[in-house]
Number of protein chains: 2
Amino acid sequence: MPKKLYQSVFDGIVQRIVGGGYAPGMMLPSEFEIAGEFGVSQGTARKALIELEKKGIVERRQGKGTFVTLRTPENSLFHFFRLRDENGNQVVPDLLDEKIRKREATTREHERLFGQPEEVFEISRVRSFEQKPLCHELSVVSVSLFPGLIERAPLPNTLYVLFQQAYGCAIISARDKLTAKPAGAVIGAALGVDPEVSVIAGSRESLDLLERVIELRDSVYLTDNVHYSVVMD
Amino acid sequence: MPKKLYQSVFDGIVQRIVGGGYAPGMMLPSEFEIAGEFGVSQGTARKALIELEKKGIVERRQGKGTFVTLRTPENSLFHFFRLRDENGNQVVPDLLDEKIRKREATTREHERLFGQPEEVFEISRVRSFEQKPLCHELSVVSVSLFPGLIERAPLPNTLYVLFQQAYGCAIISARDKLTAKPAGAVIGAALGVDPEVSVIAGSRESLDLLERVIELRDSVYLTDNVHYSVVMD
DNA sequence: GAGTGGTCTAGACCACTTT
DNA sequence: AAGTGGTCTAGACCACTCC
């Protein structure tokens with residue numbers, strides 16, 4: 001039995017979103033309509049919608065309505081690309097190079113990725129900012145979750161937009177583990193810097209709205225002109 | 001024009017906290033009592049309390065009451081010390097060395113710190129984890145906000161606990177800017193590592209519950225056995 | 001059992017956006 | 001003017017904590 005009413009309304013709406021009933025960017029029914037459909041009061045429907053908004057699953061705007069969050073290049077960068085310039089402004093990088101291939105999953109990838117895939121796509125990218133190399137990213141996703149991904153190359157600048165719009169998979173949270181290390185020969189060559197240069201290495205797990213691990217991403221950032229921004233509250 | 005009612009209740013409670021009417025750790029009146037004092041309904045008082053909880057200013061526990069957030073070494077580390085070990089567990093460091101001195105504020109410190117101080121305390125610390133040097137921290141705070149701080153040496157492991165309990169100044173949020181660089185001669189010597197070793201350098205601004213910049217802190221982390229953890233959602 | 005916060009209801013009115 | 005989310009009220013009952 002569903003314990004809290006607003007929780008079952010929350011779950012019901014999530015189900016409709018993952019099932020495609022509510023498409024990305026689509027307007028949801030009003031609070032009163034949702035309340036009617038689930039047989040609860042408007043205040044309870046409201047609480048479910050507020051929880052959905054807190055999780056980033058929907059967006060609400062007074063006078064307009066409630067909408068399924070649409071991943072755009074802008075909000076994808078803002079939420080998940082944490083590099084900022086000296087003044088704290090968002091860094092919007094360019095894509096310099098991209099390689100994508102299919103390969104067997106490593107043990108760690110098999111264990112961590114949702115669906116325990118045997119095969120994965122590996123997407124290697126080099127990004128630049130103001131004509132200078134900025135970072136190297138190595139993304140790994142399950143082949144079975146993203147069939148035909150390799151035929152879509154070149155991929156758009158922001159992967160999460162593609163994941164949502166082409167595969168209905170919405171990334172809503174991510175966890176980075178950051179360390180400092182020398183760039184090394186391979187990454188150094190890819191970024192055009194000395195192998196001894198210090199870089200931030202970020203190891204990420206990206207989760208969808210059912211909190212499944214969809215992507216593993218290893219990033220390397222040059223921080224000469226930018227920094228990785230963290231807000232704690 | 002009249003503000004939002006729950007906002008004025010929120011502000012009223014914040015005032016009582018900064019003014020000392022509600023001390024750290026103290027239990028607040030119940031929702032109904034607060035509603036009565038401010039002349040609003042219980043639901044409106046409730047909304048104000050929920051907002052206070054979201055900001056980390058109070059903590060609510062069903063069946064017990066609402067309490068002014070008490071900064072403890074545990075929650076201070078958990079919220080503001082982002083280093084985790086390989087398994088994602090909180091790193092609890094030891095204090096190896098501490099130096100504190102009074103000096104003139106730099107231009108940047110004068111501009112950024114609340115109160116535009118001419119004089120500051122500079123607290124330099126070296127921390128270790130599992131018998132190995134872990135990080136170097138350089139904290140700077142206004143002399144006028146923390147009179148007599150230098151006489152309190154040696155300071156407790158977690159500064160924010162002292163700030164709240166001895167000076168009534170509650171740090172509730174912080175922003176870190178992270179870069180990678182070589183340790184350098186001075187920090188390398190302090191940490192007992194080669195000057196060429198890559199480290200994460202973190203530049204922090206710490207804010208109190210009125211969003212005033214209370215502390216500037218430059219940290220240097222060795223990330224051989226730990227990482228800096230970031231959660232995005 | 002008394003007191004607390006947590007959930008839920010039913011209704012009113014306000015503020016904003018669009019037609 | 002119509003429709004949306006945002007605020008506010010007044011009351012009921014539930015779940016948890018402590019005596």
Side-chain angles (χ1 to χ4, degrees), chain A residues 1-17 21-70 72 75 172, chain B residues 1-17 21-70 72 75 172:
Chain A
M1 283 296 103
K3 221 168 185 195
K4 298 168 205 163
L5 279 181
Y6 76 79
Q7 188 55 258
S8 65
V9 175
F10 179 104
D11 293 340
I13 294 175
V14 167
Q15 281 308 318
R16 296 191 196 179
I17 292 174
Y22 297 150
M26 180 176 165
M27 180 178 166
L28 267 59
S30 72
E31 295 180 351
F32 279 100
E33 287 178 286
I34 289 176
E37 293 177 30
F38 286 89
V40 300
S41 75
Q42 173 261 356
T44 300
R46 178 179 184 77
K47 171 124 186 175
L49 290 168
I50 289 173
E51 294 298 312
L52 285 161
E53 184 178 40
K54 274 205 297 196
K55 281 222 171 190
I57 297 174
V58 304
E59 291 173 356
R60 322 187 75 214
R61 272 167 289 176
Q62 182 174 176
K64 300 190 75 172
T66 300
F67 303 82
V68 180
T69 297
L70 184 64
T72 65
N75 68 26
I172 64 163
Chain B
M1 284 306 285
K3 302 203 299 193
K4 292 169 211 165
L5 279 180
Y6 77 78
Q7 187 57 255
S8 64
V9 175
F10 179 105
D11 293 340
I13 294 175
V14 167
Q15 281 309 317
R16 295 192 196 178
I17 292 175
Y22 297 149
M26 180 178 166
M27 180 177 164
L28 268 59
S30 72
E31 296 180 352
F32 279 99
E33 287 178 287
I34 289 175
E37 292 176 32
F38 287 91
V40 300
S41 75
Q42 174 260 357
T44 299
R46 178 179 184 75
K47 171 124 187 177
L49 290 169
I50 289 173
E51 294 298 311
L52 286 161
E53 185 179 39
K54 274 205 295 195
K55 281 221 172 189
I57 297 172
V58 304
E59 291 173 356
R60 322 187 76 214
R61 271 167 290 176
Q62 182 173 175
K64 300 190 76 172
T66 300
F67 302 82
V68 181
T69 297
L70 184 63
T72 66
N75 68 27
I172 63 163

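Proteins get letters first, then strands, A, B, ... in listed order; numbering begins at 1 in each. This structure is a prediction, so every number in the text was calculated from the model and none was measured.
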Ranking D:dC18, D:dT9, C:dA10 by distance to the side chain of B:V40, first place goes to D:dT9
Note: for B:G63 and B:E53 on DNA chain C, the residue whose nearest nucleotide lies more 5' is B:G63
Looking only at the side chain of A:S41 (C-beta and beyond, no hydrogens), which of the listed nucleotides C:dT9, C:dT7, C:dG5 gets closest?
C:dT9
Rounded distance in Å - CZ (B:R61) to C1' (D:dC16)
13 Å
Whole angstroms only, please: what is the CG-P distance between A:L49 and C:dC8?
14 Å
Using a strict threshold of under 4.0 Å (side-chain N to carboxylate O), is an ion pair present between B:R16 and B:E37?
yes
Which listed nucleotide (D:dT9, D:dG5, D:dT4) is nearest to the side chain of A:T66?
D:dG5
Between B:Q42 and A:M27, the residue closer to the 5' end of DNA chain D by nearest nucleotide is A:M27
Taking it one step at a time, do A:F67 and A:R61 satisfy side-chain contact (heavy atoms from CB on, under 4.5 Å)?
CA-CA 8 Å; A:F67 303 82; A:R61 272 167 289 176; 3.5 Å; yes
Ignoring backbone atoms, test whether A:K64 places a side-chain nitrogen or oxygen under 4.0 Å from the OP1 or OP2 oxygen of D:dT4.
no
Just by distance, do the side chain of A:T66 and the backbone of A:L28 share a donor-acceptor pair under 3.5 Å?
no
Rounded off to whole Å, could you give me the CD-to-P distance for the A:E31 and C:dC8 pair?
15 Å
Below the 4.0 Å mark, does D:dT7 have OP1 or OP2 next to a side-chain nitrogen or oxygen of B:Y6?
yes
Under 4.0 Å between a side-chain N or O of A:R60 and OP1 or OP2 of D:dG6?
yes
Within the structure shown, what part of the strands sits under 4.0 Å from B:R46 by heavy-atom distance: base, sugar-phosphate, or nothing?
base
Donor-acceptor check, side chain of A:T44 to backbone of A:Y6, threshold 3.5 angstrom: yes or no?
no
How many Å lie between CG on B:L52 and C1' on C:dG5, as a whole number?
15 Å
CZ of B:F38 versus P of D:dT9: gap in Å, rounded?
13 Å
Among C:dC8, D:dG6, C:dT4, which is the nearest nucleotide to the side chain of A:T44?
C:dC8
If you find the nucleotide of DNA chain D closest to B:F32 and the one closest to B:K47, which residue's nucleotide is nearer the 5' end?
B:K47
Whole Å only: how far is the NZ atom of A:K4 from the C1' atom of C:dG5?
12 Å
In this structure, how many angstroms lie between the C1' atom of C:dG5 and the CD atom of B:E51, rounded?
16 Å
Between D:dG5, C:dT4, C:dT9, which nucleotide gets closest to the side-chain atoms of A:Q62?
D:dG5
With the threshold set at 4.0 Å, does a side-chain nitrogen-carboxylate oxygen contact exist between B:E31 and B:R60?
yes
In this structure, how many angstroms lie between the P atom of D:dG6 and the CD1 atom of B:I50, rounded?
15 Å
